[in-house]
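The structure appears right after this line, and notes come after that.
It should be emphasised that the depicted structure is a prediction, and the values quoted were computed from it without experimental measurement.
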Amino acid sequence: FFVKNYMKTLITKIESVLINFEAIASLLLRLAVGVAFIIHGYNKFPLPPEGLIEYFDLSPALASLVAISELSSGVVLIIGRFIKNPYGNYLTRLAGLTIVIIMTNIFIVAHSDWFINKALFTSPQIFLFIGGLFFLIKGNRI
């Protein structure tokens, strides 16, 4: 009886520690993806971003929307973690969806030659895509 109760208590404590590690891992991923998108968006300022307009032949309005979307999705992804109600969950999923849409378009427009080859899986872009997909699916659940 004593050994059984001790084991049950030990397993409960281990599960508690693992849940805390899962929360920390999720926070670190959120910060990495969020900061990466903030930096990518910020680097396109001042608006309209001439590099996007020239390289991709985008209109000034669309190029500006891309820059603002990148910056704001990174900020919203990070802030969404600290809102402890359903709105934080929705904001996290919205930021994840925005990131997935942006990264999908980047793959289609800028890196169409990357599909299912070494360049795709060795680029940071695939990890940003997967990070966005993670938060789109997971939201704020720990």
Side-chain angles (χ1 to χ4, degrees), residues 3-142:
V3 172
K4 185 178 179 181
N5 283 340
Y6 176 76
M7 291 302 291
K8 191 175 185 179
T9 303
L10 181 62
I11 289 171
T12 303
K13 287 182 180 182
I14 290 171
E15 287 175 347
S16 172
V17 168
L18 290 177
I19 288 171
N20 288 335
F21 280 136
E22 184 179 347
I24 291 169
S26 182
L27 177 63
L28 291 175
L29 179 62
R30 179 185 302 264
L31 289 173
V33 173
V35 168
F37 265 81
I38 290 169
I39 291 169
H40 281 286
Y42 182 75
N43 285 340
K44 292 175 176 69
F45 281 74
L47 299 178
E50 295 298 323
L52 287 180
I53 294 169
E54 293 169 10
Y55 188 76
F56 295 111
D57 196 30
L58 299 178
S59 70
L62 184 56
S64 297
L65 179 64
V66 169
I68 292 167
S69 296
E70 287 180 357
L71 182 77
S72 62
S73 64
V75 170
V76 168
L77 184 64
I78 293 170
I79 290 173
R81 166 65 175 87
F82 300 102
I83 300 174
K84 303 291 186 189
N85 59 37
Y87 295 115
N89 188 45
Y90 297 140
L91 288 172
T92 295
R93 290 178 189 269
L94 177 64
L97 176 63
T98 304
I99 290 168
V100 166
I101 290 169
I102 290 169
M103 294 311 300
T104 300
N105 282 292
I106 286 172
F107 291 140
I108 291 169
V109 174
H111 303 296
S112 60
D113 57 330
W114 283 14
F115 282 105
I116 315 301
N117 65 24
K118 182 181 175 184
L120 174 67
F121 294 102
T122 58
S123 72
Q125 285 89 347
I126 190 68
F127 297 104
L128 294 174
F129 173 80
I130 292 170
L133 189 60
F134 176 82
F135 288 108
L136 171 61
I137 294 168
K138 185 175 170 128
N140 277 355
R141 286 181 287 130
I142 295 174

Rounding to 0.5 Å, atoms CG (Leu28) and CD1 (Ile24) come to a distance of 7.5 Å
> Okay, side chain of Asn140, backbone of Gly80: is any donor-acceptor separation there less than 3.5 Å?
Replying inline: yes
After noting the C-alpha distance and the side-chain angles of Phe37 and Met103, does the key distance pass the side-chain contact (heavy atoms from CB on, under 4.5 Å) rule? CA-CA 11 Å; Phe37 265 81; Met103 294 311 300; 3.6 Å; yes
Result for side chain to side chain contact (heavy atoms under 4.5 Å, CB included) between Ser73 and one of Ile101, Ile99, Ile68, Val100 points to Ile99
Distance col, row Arg30:CZ vs Phe82:CZ, nearest 0.5 angstrom, shows 8.0 Å
Got a list of side-chain donor-acceptor pairs under 3.5 Å for residues 41-55, not counting sequence neighbours?
{"from": "Asn43", "atom 1": "ND2", "to": "Ile39", "atom 2": "O", "distance (Å)": "3.3"}
{"from": "Lys44", "atom 1": "NZ", "to": "His40", "atom 2": "O", "distance (Å)": "3.2"}
{"from": "Lys44", "atom 1": "NZ", "to": "Glu70", "atom 2": "OE1", "distance (Å)": "2.8"}

Check whether any side-chain N or O of Ser26 sits under 3.5 Å from a backbone N or O of Glu22 as a donor-acceptor pair, and report yes or no.
no
Shortest non-hydrogen pair, Val35 vs Ile78, comes out as N-CD1, 4.0 Å
The side chain to side chain contact (heavy atoms under 4.5 Å, CB included) partner of Ile102 among Thr98, Thr104, Asn105 is Thr98
### Task
May I have the step-by-step check of side-chain contact (heavy atoms from CB on, under 4.5 Å) for Ile83 and Thr92, ending in yes or no?
CA-CA 10 Å; Ile83 300 174; Thr92 295; over 6 Å; no
Quiz prompt | CA sep, side-chain torsions, deciding dist, call: Leu128, Ile106, side-chain contact (heavy atoms from CB on, under 4.5 Å) | solution = CA-CA 11 Å; Leu128 294 174; Ile106 286 172; over 6 Å; no
Output for pair (Asn89 CG, Leu94 CG), nearest 0.5 Å, gives 11.5 Å
Rounded to the nearest 0.5 angstrom, the CG-OH distance for Leu91 and Tyr87 is 10.0 Å
Using atom types as modelled and distance alone, determine if a side-chain donor or acceptor of Arg93 lies under 3.5 Å from a backbone N or O of Ile137.
yes
